[in-house]
Trainee: 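Take a look at this one; I'll ask things after.
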Amino acid sequence: MSILFTPHMIGNVEIKNRFVHAATYESMAKENGEVTDALLRRYAKLAQGGLGLIIPGIMPVHRLGRVPGLAMGIDSDDMIPGLGKLAQAVHDGGAKVFFQLLHAGAQTSKEAIGRAPMAPSRTRMNPMYLNRAREMSEAEIEDAIRAYAEAAARAGEAGADGVHIAASGGYLLNEFLSPFFNHRQDEWGGSDEKRFRFMREVLLAVRKSVPESMAVTVKLTANDYTPRQGLTTALAAKYAGWMADLGLDALEIASGCTTYSGWHIWRGEVPVKELVQGLPAWQKPPAWIAFRRMVGKFDFKEGYNLADARVIKSAIGDVPFILVGGLRRLSHMEEMVEKGYADFIALCRPLIREPTLVRKFEQGTADESTCASCNRCFAAVVHDKPLRCYY
């Protein structure tokens with residue numbers, strides 16, 4: 001039997017195989033963040049497709065940490081019934097489910113939250129949302145920590161098997177950890193230890209708010225690729241080691257910061273036409289120029305997070321490691337686990353195109369994904385279209 005179809009533990013949760021659905025923004029929730037029937041159908045099909053663990057798309061933990069668009073929410077008790085249905089749909093399909101907790105920080109709009117965004121420090125003009133975030137107060141920092149803990153408790157009440165804390169993509173936790181975003185000179189910034197404090201407090205608060213049966217995991221940016229130095233692989237490895245010391249149950253890494261690092265996060269084609277066509281007329285010319293400049297600079301590479309992964313995995317000891325990023329061939333995935341580079345394989349775009357891909361792998365009817373990395377799926381959700389393969 002392939003090692004990919006052997007069980008493995010994440011904390012006290014047994015995952016039946018090594019395949020993970022990487023958190024993928026769906027643009028399919030109601031405007032208030034409630035779960036829809038379309039989301040239930042999507043995750044039921046993915047679970048039935050053979051995955052061991054499903055991490056649904058981002059779930060903002062605070063009303064001031066919401067993102068523009070149609071993301072699911074976990075910032076209110078009103079969300080629990082729908083999230084419970086989502087967890088049940090995944091369980092009925094034979095998979096486990098971890099909810100991904102997120103606070104947008106600077107990466108949101110005034111329209112989404114009703115006021116100027118907030119961040120560890122006042123920011124420069126955001127190139128995507130064309131606004132500046134203001135510096136958070138001590139009270140707002142403490143409020144955000146409570147929001148993560150309360151959201152984790154809601155995840156448990158809804159029946160999730162774990163929570164996956166998003167410290168990636170340039171969102172609030174990523175911002176506190178990164179010298180590019182965090183310029184504070186108080187107890188929340190000014191040194192690696194102080195920049196890590198917010199992450200530490202969130203982890204500890206979340207752990208206290210859920211039962212031991214639930215897993216607490218993190219997705220960490222390995223390299224910001226911001227205009228000035230932010231999170232680097234070495235710094236991310238240091239943070240990862242500190243998380244392991246706090247009792248982290250598993251770690252996943254990502255590359256790049258959503259609004260500053262171009263196409264590092266996704267790699268592959270830059271679908272300029274699709275990205276631009278839904279924008280207001282006044283935004284189209286500069287956006288066309290910006291996206292055209294990215295073409296050819298972020299070509300797809302199989303396993304493009306592997307170099308960072310090998311450094312960071314070595315810092316966390318026996319803590320399970322989830323590898324994501326450009327994994328397409330079954331034989332390559334097997335090699336990653338057999339050689340100890342990863343414990344789990346996370347897939348995003350391949351499962352958008354083929355929700356039953358893992359079942360095909362298991363049955364021997366496929367040995368690689370047919371995803372072309374055209375990234376039209378990403379362009380669609382940017383414009384509030386539902387997630388699916390548009391190739």
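Side-chain atoms are counted along with the backbone in the values below, which use heavy atoms only and exclude waters and symmetry mates.
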Trainee: Does atom NZ (Lys194) have a neighbourhood of more than 12 heavy atoms from anything else shown, all under 6.0 Å?
Mentor: yes
Trainee: With a 6.0 Å cut-off on the ring centroids, do Phe300 and Trp263 count as close?
Mentor: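 When the ring centroids of Phe300 and Trp263 are compared, they turn out to be at least 6.0 Å apart.
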Trainee: Sequence neighbours excluded, which residues qualify as salt bridge (Lys or Arg N to Asp or Glu O under 4.0 Å) partners of Glu269?
Mentor: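 If we apply the salt bridge (Lys or Arg N to Asp or Glu O under 4.0 Å) test to Glu269, skipping adjacent residues, there are no hits.
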Trainee: Does Pro120 reach the side chain of Glu135, with side-chain heavy atoms less than 4.5 Å apart?
Mentor: no
Trainee: Tell me whether the count of non-hydrogen atoms from other residues, nucleotides or ligands lying under 6.0 Å of CZ in Arg310 goes above 12.
Mentor: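 Check fails, neighbour count at 12 or below.
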Trainee: Hey, any chance Ile165 and Ile141 share a hydrophobic cluster, counting ILVMFWY side chains that come within less than 4.5 Å of each other, even indirectly?
Mentor: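 Per the 4.5 Å side-chain linkage, Ile165 and Ile141 are co-clustered.
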Trainee: Check the hydrophobic clustering (I, L, V, M, F, W, Y; side-chain heavy atoms under 4.5 Å; chains of links allowed) and say if Leu172 and Ile145 are grouped together.
Mentor: yes
Trainee: Looking only at non-hydrogen atoms, find the nearest pair between Glu212 and Arg207 and report the distance.
Mentor: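 So the minimum-distance heavy-atom pair works out to CA-NH2, 4.0 Å.
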Trainee: With a 6.0 Å cut-off on ring centres, are Phe176 and Phe196 close enough?
Mentor: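 No: the rings miss the under 6.0 Å criterion.
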Trainee: Assess the pair Phe5 and Phe19: is the distance between their ring centroids shorter than 6.0 Å?
Mentor: yes
Trainee: Let me know which of Leu248, Ile253, Ile322 forms a side chain to side chain contact (heavy atoms under 4.5 Å, CB included) with Val218.
Mentor: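 When side chain to side chain contact (heavy atoms under 4.5 Å, CB included) is applied between Val218 and each of Leu248, Ile253, Ile322, only Leu248 qualifies.
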Trainee: Can you tell me if Asn305 and Ser255 form a side-chain donor-acceptor pair at under 3.5 Å?
Mentor: yes
Trainee: Looking at Lys385, I want to see if its NZ is surrounded by more than 12 non-hydrogen atoms of other residues, nucleotides or ligands under 6.0 Å.
Mentor: no
Trainee: Locate the shortest heavy-atom distance separating Tyr25 from Pro68; write the atom from each residue and the value.
Mentor: OH-O, 4.0 Å
Trainee: How about His62 and Tyr148: are their ring centres within less than 6.0 Å of each other?
Mentor: no
Trainee: Mind checking what makes side chain to side chain contact (heavy atoms under 4.5 Å, CB included) contact with Gln48, not counting sequence neighbours?
Mentor: Ala44
Trainee: Side chains of Thr232 and Gln229, heavy atoms from C-beta outward: is any pair under 4.5 Å?
Mentor: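 In short, these two side chains touch, coming nearer than 4.5 Å.
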Trainee: Relative to Tyr304, does Arg267 satisfy both conditions: NZ or CZ under 6.0 angstrom from the six-membered ring centre, and within 45 degrees of the ring's axis?
Mentor: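 Here Arg267 passes the 6.0 Å and 45° test against Tyr304.
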Trainee: If you look only at pairs with a residue in residues 151-176, which of them pass as a side-chain hydrogen bond (donor to acceptor under 3.5 Å, both in side chains), with sequence neighbours excluded?
Mentor: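 Sorted result for residues 151-176: Asp77-Arg154, His91-Asp161, His164-Thr217, His164-Glu252, Asn174-Thr221, Asn174-Asp224.
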Trainee: Would Arg388 pass as a cation-pi partner of Tyr390, given that its NZ or CZ must be under 6.0 Å from the six-membered ring centre and within 45 degrees of the axis?
Mentor: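 Yes, Arg388 lies over the aromatic ring of Tyr390.
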Trainee: With heavy-atom distances below 4.5 Å as the criterion, would you say the side chains of Arg349 and Ser369 are in contact?
Mentor: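 No, side chains not in contact.
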Trainee: Between Ala87 and Ala158, which heavy-atom pair has the shortest distance, and what is it?
Mentor: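 Nearest pair, atom of Ala87 first, then Ala158: CB-O, 3.5 Å.
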Trainee: With a 4.5 Å cut-off on side-chain heavy atoms, are Ile3 and Arg18 touching?
Mentor: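 In contact.
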Trainee: If you measure only the distance, is there a donor-acceptor pair under 3.5 Å linking the side chains of Arg66 and Thr108?
Mentor: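 There is no such pair between these side chains.
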Trainee: Does CG belonging to Asp186 count more than 12 external heavy atoms closer than 6.0 Å?
Mentor: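 Counting other residues, nucleotides and ligands, CG of Asp186 exceeds 12 neighbours.
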Trainee: Distance alone, cut at 3.5 Å: any donor-acceptor contact between the side chains of Trp242 and Glu193?
Mentor: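 Checked: Trp242/Glu193 side chains show no N/O donor-acceptor pair below 3.5 Å.
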Trainee: Determine the interplanar angle of the Phe378 and Trp266 rings, folded into 0 to 90°, and report it as parallel if under 30°, tilted if 30 to 60°, perpendicular if over 60°.
Mentor: tilted
Trainee: Would you call Thr24 and Leu387 a side-chain contact if the rule is heavy atoms closer than 4.5 Å?
Mentor: yes
